[in-house]
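Worksheet for the structure shown next.
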Amino acid sequence: QIDVFSPTPAHRIAFAETIGREHGLNINPVERPEQAVVGCDLLLSVFRAGKAPLVSADWITPGMHICAASSVRPVARELADEIWRKAAVVAVDDRIHAFESGDGRSAIAARAFDPERAVELWELVNGQKRGRSADSDVTLFKSVGTAMQDLAVAHAIYRHAREKGVGRDL
């Protein structure tokens, strides 16, 4: 089950219909953000973040994984500070830039998170650092986007296109 929220009703309905049809998924457009968050196993938060956090710590339940990719600018907020405190593991794509984001700055200023506890995604992937240690652990991946991620995605798309015989070389 996928619940999706957008502040624009037409957008959330169109997304649910289009993506649901294209991928055979049951996507339910909801009217309030907490309806998409409370009780979910995986929260993917991608939107144009404003100056106030949209995701409340009260909505976060044991065992949830949060992938937060909206607060990338210094003044942008996505997650309440308390979410950082709840997370047993906080992974970042880039340790320096994650804490230049509005959410990172706010979590540090509120003493909700010590940036020394953060692990970089590559450390988890190669087994150098441990991720979740219990099913009830809340985990957070704070992504601010890096050129390396863009290149990895572009390479995967290129390989997939070559395998399918689509596209053209320039």
Side-chain angles (χ1 to χ4, degrees), residues 1-73 76-80 83-84 86-87 89-94 97-98 101-104 119-126 131-132 135-170:
Q1 170 66 44
I2 299 170
D3 293 323
V4 63
F5 170 77
S6 167
T8 308
H11 291 175
R12 65 179 172 247
I13 291 167
F15 177 88
E17 289 174 355
T18 303
I19 300 302
R21 183 179 55 253
E22 287 178 5
H23 297 283
L25 299 170
N26 180 20
I27 303 179
N28 178 42
V30 296
E31 295 180 8
R32 295 186 323 276
E34 62 269 25
Q35 291 175 295
V37 177
V38 174
C40 74
D41 296 319
L42 170 64
L43 168 60
L44 175 57
S45 178
V46 181
F47 62 96
R48 179 130 175 107
K51 292 183 179 179
L54 179 69
V55 182
S56 170
D58 294 337
W59 304 344
I60 307 305
T61 53
M64 185 183 289
H65 174 70
I66 304 156
C67 181
S70 299
S71 168
V72 296
R73 294 169 293 131
R77 294 298 312 283
E78 172 178 18
L79 306 174
I83 293 172
W84 292 75
K86 282 186 170 188
V89 178
V90 173
V92 296
D93 47 12
D94 181 276
H97 294 104
S101 72
D103 277 349
V119 298
E120 287 189 326
L121 186 58
W122 68 268
E123 295 172 305
L124 290 173
V125 171
N126 78 7
R132 178 185 308 260
D135 290 345
S136 61
D137 284 351
V138 171
T139 56
L140 168 62
F141 173 52
K142 176 60 193 153
S143 177
V144 291
T146 65
M148 186 59 84
Q149 287 173 320
D150 294 341
L151 288 171
V153 170
H155 181 69
I157 291 169
Y158 173 76
R159 277 196 342 251
H160 189 66
R162 294 283 296 190
E163 289 169 7
K164 295 245 180 217
V166 297
R168 63 185 169 130
D169 288 330
L170 298 175

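Not measured: the values here are computed from a predicted model.
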- Applying the side-chain contact (heavy atoms from CB on, under 4.5 Å) test to Cys40, which of Val38, Leu43, Leu42 qualifies? Leu43
- Count the heavy atoms of every other residue, nucleotide or ligand shown that sit under 6.0 Å from CZ of Arg132, and state whether that count exceeds 12. yes
- Item | Side-chain (Glu78) to main-chain (Ala49) donor-acceptor, under 3.5 angstrom | no
- Item | Spacing of Glu17 atom CD and Ile27 atom CD1 [to the nearest 0.5 Å] | 10.5 Å
- Task: Answer yes or no: is there a side-chain heavy-atom contact under 4.5 Å between Trp59 and Met64?
- Result: no
- Message: Within a 6.0 Å radius of atom CG on Asn126, are there more than 12 heavy atoms belonging to other residues, nucleotides or ligands?
- Response: yes
- Task: Output the distance between atom NZ (Lys142) and atom OG (Ser70), rounded to the nearest 0.5 Å.
- Result: 7.0 Å
- Message: Looking at Ser71 and Asp103, would you say the former's side chain and the latter's main chain have a donor-acceptor pair under 3.5 Å?
- Response: yes
- Could you tell me whether a side-chain N or O of Arg12 sits under 3.5 Å from a main-chain N or O of Asp3, the two making a donor and an acceptor? no
- Query: Can you find a heavy atom in the side chain of Val37 that is under 4.5 Å from one in the side chain of Phe5?
  - Reply: no
- Message: Using 0.5 Å steps for rounding, measure from the CZ atom of Arg159 to the NE2 atom of His155.
- Response: 4.5 Å
- Message: Is there a side-chain contact between Asp93 and Phe141 in this structure, where contact means two heavy atoms from C-beta onward sitting under 4.5 Å apart?
- Response: yes
- Message: What I'd like to find out is whether the side chain of Arg73 reaches to under 4.5 Å of the side chain of Arg48, using heavy atoms alone.
- Response: yes
- Task: With rounding to the nearest 0.5 Å, note down the distance linking OG1 in Thr18 to CD1 in Ile13.
- Result: 11.5 Å
- Heavy-atom nearest pair, Ala87 first then Leu140, reads CB-CB, 4.0 Å
- Note on the structure: Correct closest heavy-atom pair for Leu54 and Pro33 would be CD1-CG, 4.0 Å
- Task: Kindly say whether Ala57 contributes a backbone atom to a donor-acceptor pair with the side chain of Lys86 at under 3.5 angstrom?
- Result: yes
- Say you draw a straight line from CG of Asn26 to CD1 of Ile2; how long is it, rounded to the nearest 0.5 Å? 8.0 Å
- Rounded distance (nearest 0.5 Å) linking atom CD1 of Ile83 with atom OG of Ser56: 6.5 Å
- Task: List the atom of Ile66, the atom of Ile60, and the distance in Å for their closest heavy-atom pair.
- Result: CD1-CD1, 3.8 Å
- Task: Verify, without hydrogens or angle tests, whether Arg77 (side chain) and Leu79 (backbone) share a donor-acceptor contact under 3.5 angstrom.
- Result: yes
